[in-house]
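Encoded as structure tokens, the structure appears first; notes follow it.
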Amino acid sequence: WFEKLFKTNFSSNLWMFVLLSITNFIWVTLLVYIIEKNELMGQASLACFNGLSMFLAVYFTTLGGAKNAIPQVGPLSSPYWVILLAFLWTTAMGWFGYILAIINMWLTFPKEVDA
């Protein structure tokens, strides 16, 4: 769609950078708007932006050629598979970190017992 709109191919790194910058600007702007209007998202705005930064880190690490950033399953030649797998991997590792944080709190802050 973008190739037809801009009448160019995005095989060069410059055009791919421009396209990703525009797309990320749109999504981050939409996320900020949703956070402002939605009370639940507003209360969790730090978690939303941490999740977004984790996703972008996994996504761009994979694009940069790091083959161990996400599990190598599926046809990663398609950019849509890379986006989906980066999202799934980020979500799974986010939940894994949450479980480890709960275990850490259980071990660090034991319950008080009457003597």
Side chains of residues 29-38: which donor-acceptor pairs under 3.5 Å do they make with residues two or more places apart or in other chains?
residue: Thr29; atom: OG1; partner: Phe25; partner atom: O; Å: 2.6
residue: Asn38; atom: OD1; partner: Leu40; partner atom: N; Å: 3.1

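The environment of CZ in Phe87 is sparse: at most 12 heavy-atom neighbours from other residues, nucleotides or ligands sit within 6.0 Å.
For Trp95, the ring-ring contact (aromatic ring centres under 6.0 Å, His included) test picks out Tyr98, with sequence neighbours left out. For Leu46, the side chain to side chain contact (heavy atoms under 4.5 Å, CB included) partners are Asn50, not counting sequence neighbours.
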Assess whether side chain to side chain contact (heavy atoms under 4.5 Å, CB included) is satisfied between Leu52 and Trp27, documenting all intermediate values.
CA-CA 10 Å; Leu52 177 67; Trp27 284 113; 6.0 Å; no

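If you take CH2 on Trp89 and CZ on Phe96, they are separated by 9.5 Å, rounding to the nearest 0.5 Å.
Residues Phe49 and Leu56 are members of one and the same hydrophobic cluster, defined by side-chain heavy-atom contacts under 4.5 angstrom among Ile, Leu, Val, Met, Phe, Trp and Tyr.
Residues Thr90 and Gly51 approach most closely at CG2-O, 4.2 Å, considering heavy atoms.
The only option from Ile102, Leu100, Thr108 that meets the side chain to side chain contact (heavy atoms under 4.5 Å, CB included) definition with Asn104 turns out to be Thr108.
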